[in-house]
Amino acid sequence: MITSLSVLIPVYNRDCSQLVRALQRQAMSIEGLQFEILVADDGSSQEELKAANRAVNQWQGCRVVERATNGGRAVIRNLLAKEARGEYLLFLDSNVSLLHDDFLLRYVEQGGEQSSEVDVLVGGYELTPAAGYEVNGNLRYRYELSCSAANRAEERAKRPYMAFVSKNFMIRRSVMLQCPFDERIRRYGYEDVLLGKRLQQARAQVKYVDNPVGFSTFESNAAFLRKTEDALLNLVTLREEMSGFTHIQSVAERLMRQHLEGPLLVLFSLLRPLMRHCLLGDNPSVSCFNAYRLCYYLQLLKKQVK
């Protein structure tokens, strides 16, 4: 059984105090567990949300660290790992919720049982839209729903490094310091996939377990499309390191070997306005989204290699 745990929550313009309180209650109920819950604010601009999170400093075992400027998803996670004191680190996104009263206990017990051979435990997530929250026309929700079967623990275990998602995972602190997030990635996207590759290179043992958190808030279609485009720019920039490690790259490389990217990009230039209209509207298509991602990646790649 794990006896020393740091729960690490990066946050930007979000009140995560309820999540921290729920985690604190669970941690305090586990006999013999030395714990801390660290919240790292990555240069939030909304003062009322920063103030709500600062209240955490008054709670036993909890504290907040703040950056004056936004350093990005990789930087803030690495900062948390360095600040942490526990032997094991549990990373959680600030927009998740706890689905089970024994969420922490499951990690503590499973980590202890596997401590001699497993370096990383990944708990995953489930879609749990709040009551009354309209998701039928939400692109992010539809996309996540289309991936839900592949996101099950038993499916991810078949490709443990390529399937790595950083929303909910526990890792030995020593391994995290050896394999930090790549701080070249400043915008959204693929920082967790690249971490998965680093864990593979370090031969870290990754295990997928049934211990999900809830994922219940989904950005607007326009915001998700912007984030997707940012992520694909990251992927193009890191394409040599990521080669063979993402599905979209593999498909793009196959098209380029067959010299099909040219005609596809001509078609994309004609259809892009219609595709964006579909994706930003009330009935977005996941198939259209996947086609848009592939074509946008090929377009970025063509500009990059000129």
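Reckoned from all heavy atoms, side chains included, excluding hydrogens, waters and symmetry mates.
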When you look at E144 and N151, which way does the side chain to side chain contact (heavy atoms under 4.5 Å, CB included) test go after all the steps?
CA-CA 9 Å; E144 294 287 351; N151 283 339; 4.2 Å; yes
Between R272 and Y296, is any pair of side-chain heavy atoms under 4.5 Å apart?
yes
Does some side-chain heavy atom of Y88 sit less than 4.5 Å from a side-chain heavy atom of Y107?
no
Contact between Q18 and S97 at the side-chain level, heavy atoms closer than 4.5 Å - yes or no?
no
Should N283 and R142 count as side-chain neighbours, where that means a heavy-atom distance under 4.5 Å?
yes
For V175 versus I171, what's the shortest heavy-atom pair and its separation?
CG1-CD1, 3.9 Å
Can you tell me how far apart CG (L23) and CH2 (W59) are? Round to the nearest 0.5 Å.
10.5 Å
For P180 and N78, the nearest pair of non-hydrogen atoms, with its separation, is CB-OD1, 3.5 Å
Minimal non-hydrogen separation, V286 against S146, with atom names:
CG1-OG, 3.7 Å
Could you state the interatomic distance from CE (M170) to CD (Q110), rounded to the nearest 0.5 Å?
8.5 Å
Ring center gap for F224 and F289 short of 6.0 angstrom:
yes
Output yes when a side-chain donor or acceptor of R173 lies under 3.5 Å from a complementary backbone atom of A84, and no otherwise.
yes
Heavy-atom closest pair (V20 atom, C62 atom, distance to 0.1 Å) is CG1-SG, 3.9 Å
Side chain Y208, main chain G124, donor-acceptor under 3.5 Å:
no
Between Q24 and R21: side-chain donor-acceptor atoms closer than 3.5 Å:
yes
Would you find more than 12 non-hydrogen atoms of other residues, nucleotides or ligands less than 6.0 Å from Q60 atom CD?
no
Applying the 4.5 Å side-chain criterion to the ILVMFWY set and letting contacts propagate, would V135 and L145 be lumped into a single cluster?
yes
What do the steps show when you test I37 against V56 for side chain to side chain contact (heavy atoms under 4.5 Å, CB included), and what is the final call?
CA-CA 9 Å; I37 302 173; V56 166; 5.9 Å; no
Short side-chain to backbone donor-acceptor contact, N13 and S44, under 3.5 Å:
no
Do R276 and Y292 pair up side chain to side chain, a donor and an acceptor below 3.5 Å, judged on atom types alone?
yes
Contact summary for P10 and S94, nearest pair of heavy atoms
O-CB, 3.4 Å
Answer yes or no: is there a donor N or O on one side and an acceptor on the other, between the side chain of D15 and the main chain of L49, under 3.5 Å?
no
I'd like to check L127 versus F218 (side-chain heavy atoms, cut-off strictly below 4.5 Å). Are they in contact?
yes
In terms of heavy-atom contacts, does NE2 of H277 have more than 12 from other residues, nucleotides or ligands at under 6.0 Å?
no
Using the rule side chain to side chain donor-acceptor pair (under 3.5 Å), only one of E36, Q34, R85 pairs with S6; which is it?
E36
NZ/NE/NH1/NH2 to OD/OE distance under 4.0 Å, E229 and R226:
no
Would a distance-only check, ignoring hydrogens and angles, find a side-chain to backbone donor-acceptor pair under 3.5 Å from D42 to G71?
yes
Between I185 and R73, does a side chain to side chain contact (heavy atoms under 4.5 Å, CB included) hold up when you go through it step by step?
CA-CA 8 Å; I185 300 178; R73 296 164 64 87; over 6 Å; no
Could you state the interatomic distance from CZ (R77) to CG (D192), rounded to the nearest 0.5 Å?
8.0 Å
Mind checking whether V193 and F245 have side chains closer than 4.5 Å, heavy atoms only?
yes
With the 4.5 Å side-chain cut-off for hydrophobic clustering, are L300 and M275 part of the same group?
yes
Interatomic spacing from CG in L89 to CG in L80 - rounded to 0.5 Å
9.0 Å
So E261 and L301, do their side chains get closer than 4.5 Å, heavy atoms only?
no
Side chains of R67 and Y12 in contact at under 4.5 Å (non-hydrogen atoms)
no
Quick one: do V165 and L90 end up in the same hydrophobic cluster if we chain Ile, Leu, Val, Met, Phe, Trp and Tyr together by side-chain heavy atoms under 4.5 Å apart?
yes
Checking the side chain of S29 only, and the main-chain atoms of Q26 only, is there a donor and an acceptor separated by less than 3.5 Å?
yes
Give a yes or no answer on whether the side chain of D182 reaches the backbone of R184 with a donor-acceptor pair at less than 3.5 Å.
yes
Could you state whether L92 and V75 fall into the same hydrophobic cluster, counting links through intermediate Ile, Leu, Val, Met, Phe, Trp or Tyr residues with side-chain heavy atoms under 4.5 angstrom apart?
no
Looking at F103, is its backbone amide N or carbonyl O close enough to the side chain of N211 to form a donor-acceptor pair, meaning the two atoms are under 3.5 Å apart?
yes
Do I9 and L79 land in one hydrophobic cluster if side-chain heavy atoms of ILVMFWY residues count as linked below 4.5 Å?
no
Would K82 and L177 count as a side chain to side chain contact (heavy atoms under 4.5 Å, CB included) if you check the C-alpha gap in whole Å, the side-chain angles of each, and the deciding distance to 0.1 Å?
CA-CA 8 Å; K82 293 172 185 175; L177 295 180; 4.3 Å; yes
How long is the gap from CG on L279 to CG on L274, to the nearest 0.5 Å?
11.0 Å
Looking only at non-hydrogen atoms, find the nearest pair between D230 and R187 and report the distance.
O-CD, 3.2 Å
From the list Y125, Y143, Y141, ring-ring contact (aromatic ring centres under 6.0 Å, His included) with F215 holds only for Y125
Could you give the distance from CD1 (I76) to CD (E183), rounded to the nearest 0.5 Å?
10.0 Å
So does A204 get a backbone contact from the side chain of Y161, meaning a donor-acceptor N/O pair under 3.5 Å?
yes
Without swapping roles, check the side chain of R293 against the backbone of I248 for a donor-acceptor pair under 3.5 Å.
no
With a 6.0 Å cut-off (strictly less than), is the heavy-atom count around CD of E241, excluding the residue itself, greater than 12?
yes
